[in-house]
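All chains are named by letter (A, B, ...) in the order of the sequence lines, taking the proteins before the strands, and each is independently numbered beginning at 1.
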Amino acid sequence: MAHEPAAARSDPLLRCNSLVKWFGDRVAVDDVSFGLARGEIYGLLGPNGAGKTTTIKMVCGLLQPDSGSIMLDGRSTKEDLAARSLVGYVPQDVALYPDLTASENLSFLGRLYRLSGGLLEERIKEALELTDLTERRHDRVDSYSGGMKRRLNIAAGLLHHPKLLVLDEPTVGVDPQSRHAILERVRSFGIGGVSVLYTTHYMEEAERVCDRVGIIDHGRLIAEGTRRELVAHLGERDRIDLAATGDLQRVAAECRAIQGVVEAAVADDSVHLIADDGRHVLPAVLEAANRTGASVNSVEVKEADLEAVFLHLTGTALRE
Amino acid sequence: MPASFLIAGKDLRQRLRDRSAVVIGLVAPLVIAALMSFAFKGADTFHYTLGLVDADNGPVASGLKSILHDSSLSQLITVRELGSREAAASAVRANRVQAALVIPRGFSESVTGQRPLPLSTLTSINNQPAAGITTAIASSFVAQLNANRLSIATALDAGATTAQLADLQAVVAGLHIPEQLVQRPVGSQPLKVISYYGPAMAIFFLFFTISYTARSFFVDRSTGMIERMGAAPIRPVEILLGKVLSAFVFGLASLGVIALVTTLAFGANWGDPLAAGVVCLAMVIAVVCLTALVIGLARTQRQADGIAAAVVFGLALLGGNFVFLSAVPDVMKRIALFTPNGWALRAFTDLSTTGGGLRTVVTPVLAILAFSLIVAILAALLARRAVKP
């Protein structure tokens, strides 16, 4: 379960106010505001293309908002170049030089943050220990496994002891073991006092590591709060996952007509439903599936979670 | 340390580990310059053996032989006396001599008569330079003889007596056809092939720095390294500066090493070291600006490769890196003046042939820097777009 932030939200480390970003005639981020307390892990949860990466690029100073402001520890990242030292950015793709060793990569990136001499060596050692890569420090990165590269990618963002660590979907394409290790590390950063801004489209990750979650879709932040606060939007409603083969869009449409079904959407070869009383409407759902000729493989009734919240708020499944 | 220096240092480290970069930057230009030098070696020091058949043994034949043995021709020809026309023809066919000159029996005596005997040259289609030179020597000697005959005939017509003929012959023997205007290179020393192709190949392969650096930039961008660097507290333009700085250092080192090796190992003459160094510096600046322009123009690695290839081969062809600029048509010479390498090669040629110093390269260097300035302005206008994540 998520821990409580170290400081009150009245003293935020990061404050984003009414961020707007256009790419041509398409709005990528539309009036997004959120704050991040010191030591807090904040998750931006949304499907691909929702505006998560654009938002964090603005936070890191890689993109300038068309309107709105970003204050980091009371400093503007737009006007104060040095304020970027407060941020440790870990991009979604592994951004390291494959023909350099781990030490050489970290040394180069550390120097960009004005680290040098003994302090740089100390930080490199610390980052490698934190990511369990000390023994491979003199090996070229192209000899690393995918999970090791991911860990080194994170280590590179920690070198300069940032107050805010920004992780852009750090577990994409990672095996379950490495994923578990990365999520554990992220939890430990929060406990250690580093604020973490974490983007993901995996609901389980957001539930597991984030103190608070902002749900973003089509560039708009449509809800935010702790898991408990977000799920409370749904009241006593349940989530039904129907794994089936056939015309799933038609199944979803049939289900929407059932009394008690609040939302229905298709994703990942399943029909995801929000219903007032899951167990009560389940026979009608199965009958609807049968009417369409779909073959039901499995059905599951669960308590509402962030995925259900997303479905409820947007009318679409998170991974659609 | 400025971020651009850090980025340049890292790039150079990667580059030195990349064997292909070392091959293109150092090994290839040396090998090609050496091969070209070897291939054109004969053009530097042409020398041949001339067969001479003296069937006359008269005073005029002696005069011709003394000319052929003169020290002024010793660097060009070696004279080998042969017994007969047939022996000479055989020697030419067997390439024991590359051309032959036959003085016929009675030649000296015929000179003073009404029907002088002709000199014969025996030449081979396989050695046109030797044929041309032999014919030129023979023609020149015959022209002098005809002038002498004309002088004597004029004197006799004017009333000189046959008793004075010996004195007249002695006088005209000391006369020569007046000097003629001949076209010669401006330089006072001949241009050795390696002295042209050494710098030409060094500059040609220096151009490959453009594609290497541009490719490195786009690889960094596609792997997210530009973005990662952009998140650090550095200005975006420092990233581009770092990239082009590494191109500058590598280019300068490459030119310096090639100049040193071609001078010491192949006897190339790059001219005054300070002046040659200034030309190299200007040329590397031009390459750095071109690199920045290619990065600014391209949007992808593939585009960068294409633009860089067009720039490299376009400039090399137009600037004269593959052929002697002195041997191309005037229009090509004028086009070469729009390229930095054309000016650089002109500067190196002048330095090598005139033995001049810094003054000799002022105009070429200013021309190269003007080219660089224009390119730099264009690159600066495009730079912001290039480093955008």
- Per-residue contact mode, B/Asp220 against chain A (heavy atom under 4.5 angstrom): side chain

- Query: Any luck finding a side-chain donor-acceptor pair between B/Gln301 and B/Ser222 under 3.5 Å?
  - Reply: no

- Message: Which one wins on heavy-atom pair count under 4.5 Å against chain B: A/Val166, A/Leu96, A/Val87, A/Val94?
- Response: A/Leu96

- The salt bridge (charged side-chain N to carboxylate O under 4.0 Å, His left out) partners of B/Arg15 (sequence neighbours excluded) come to none

- Task: Please determine, among A/Val90, A/Asp93, A/Leu100, A/Asp80, the option with the most heavy-atom pairs under 4.5 Å with chain B.
- Result: A/Leu100

- Between B/Thr262 and B/Trp270, a side-chain donor and acceptor under 3.5 Å: yes

- Message: Can you tell me which portion of A/Ala83 sits under 4.5 Å from chain B's heavy atoms? Options are side chain, backbone, both or neither.
- Response: neither

- Message: When you compare the side chains of A/Arg136 and A/Ser143, does any donor N or O come within less than 3.5 Å of an acceptor on the partner?
- Response: yes

- Restricting to pairs with a member in residues 31-54 of chain A, which pass ring pair (Phe, Tyr, Trp, His ring centres under 6.0 Å), not counting sequence neighbours? A/Phe34-A/Tyr42

- Counting only heavy atoms closer than 4.5 Å, note whether A/Asn105 contacts chain B via side chain, backbone, both or neither. neither

- Note on the structure: Turns out that what part of B/Arg235 lies under 4.5 Å from chain A's heavy atoms comes down to both

